[in-house]
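What follows is a set of notes on a single structure, which appears directly below.
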Amino acid sequence: ICVDGICDCTTGYEGDDCGTKMADKFVASYTSTDDCTTAPYDVTITASSTTVDKILIGTFGKNGCSGSWPTVEATVNGMDVTIASQSFCAGQFTVSGTGSINASKTTITINYNTTDVGTGGTLSCQAILVKK
């Protein structure tokens with residue numbers, strides 16, 4: 001709904017006419033450097049097929065089960081993303097975090113925590129994803 005040139009968009013949309021999905025600016029292939037891993041790794045972000053304000057971050061962290069994480073779901077709000085706490089490795093670990101994409105939409109910085117459910121040990125990490 002737009003009144004006097006100011007639009008109040010439905011959740012997950014933005015722009016002058018509310019016709020742009022917020023998640024679209026994140027969708028791409030990236031190379032990630034991460035202070036909790038030893039080498040750069042590839043990350044692919046796709047849009048959720050079920051929820052307009054969600055993205056799916058594939059192989060995020062690259063240090064989970066069998067050498068890679070399952071896909072992590074994040075919520076998009078403007079230039080920001082939030083990874084709500086979710087488990088992986090059959091519930092052995094959890095991950096959560098927050099981040100944002102830069103103004104040129106080429107780099108995403110995500111601060112995240114992983115917790116070993118069995119020991120309670122937590123790692124705080126930062127991943128920097130650069131669009132390929």
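In this structure, Gln86 contributes its side chain and Ala84 its backbone to a donor-acceptor pair below 3.5 Å. Although no hydrogens or angles enter the test, the distance criterion places a donor-acceptor pair under 3.5 Å between the side chain of Asp35 and the main chain of Gln126. Thr51 places no side-chain N or O within 3.5 Å of a backbone atom of Lys54 that could act as its donor or acceptor partner.
Here the side chains of Val117 and Gln92 are not in contact, with every heavy-atom distance at 4.5 Å or above. A heavy-atom distance below 4.5 Å is found between the side chains of Thr31 and Asp42. Residues Phe60 and Ile110 form a side-chain contact, since some pair of their non-hydrogen atoms from C-beta on lies under 4.5 Å apart. Using a 4.5 Å heavy-atom threshold, the side chains of Asp116 and Phe93 count as touching. Considering only heavy atoms from C-beta on, Ile108 stays 4.5 Å or farther from Val43 through its side chain. Looking only at side-chain heavy atoms (C-beta outward), Leu129 and Ile45 come within less than 4.5 Å of each other.
Between the side chains of Ser96 and Asn113, not a single donor N or O lies within less than 3.5 Å of an accepting N or O.
To the nearest 0.5 angstrom, Asp8 atom CG is 8.0 Å from Thr10 atom OG1. Atom CG of residue Asp34 and atom CD1 of residue Ile128 lie 9.0 Å apart, to the nearest 0.5 angstrom. Atom OG1 of residue Thr94 and atom CD1 of residue Ile83 lie 11.5 Å apart, to the nearest 0.5 angstrom. To the nearest 0.5 angstrom, Thr11 atom OG1 is 8.5 Å from Asn77 atom CG. Note that the OH atom of Tyr13 and the CG atom of Asp24 stand 9.0 Å from one another [nearest 0.5 Å]. Note that the OG1 atom of Thr75 and the CE atom of Met22 stand 11.5 Å from one another [nearest 0.5 Å].
Residue-environment remark: NZ (Lys21) stays at or below the threshold of 12 foreign heavy atoms within 6.0 Å.
Nearest heavy-atom pair across Lys131 and Ala28 is CE-CB, 3.7 Å. Scanning both residues, Gly12 and Asp53, for their nearest heavy atoms gives CA-CB, 3.9 Å. A pairwise comparison of heavy atoms in Lys132 and Tyr30 identifies CE-O, 3.7 Å as the closest pair. Among all heavy-atom pairs drawn from Val27 and Ala47, the shortest one is CG2-N, 3.7 Å. Counting all heavy atoms, side chain and backbone alike, Ile55 lies closest to Ala23 at CG2-CB, 3.6 Å. In terms of heavy-atom proximity, Met79 sits nearest to Asn102 at CE-O, 3.4 Å.
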Check your understanding: Would Thr115 and Thr122 satisfy side chain to side chain donor-acceptor pair (under 3.5 Å), going step by step from the backbone distance to the final call?
Key -> CA-CA 4 Å; Thr115 301; Thr122 298; 3.0 Å; yes
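Under the 4.5 Å side-chain heavy-atom criterion for grouping Ile, Leu, Val, Met, Phe, Trp and Tyr, Leu56 is not connected to Tyr112 through any hydrophobic cluster.
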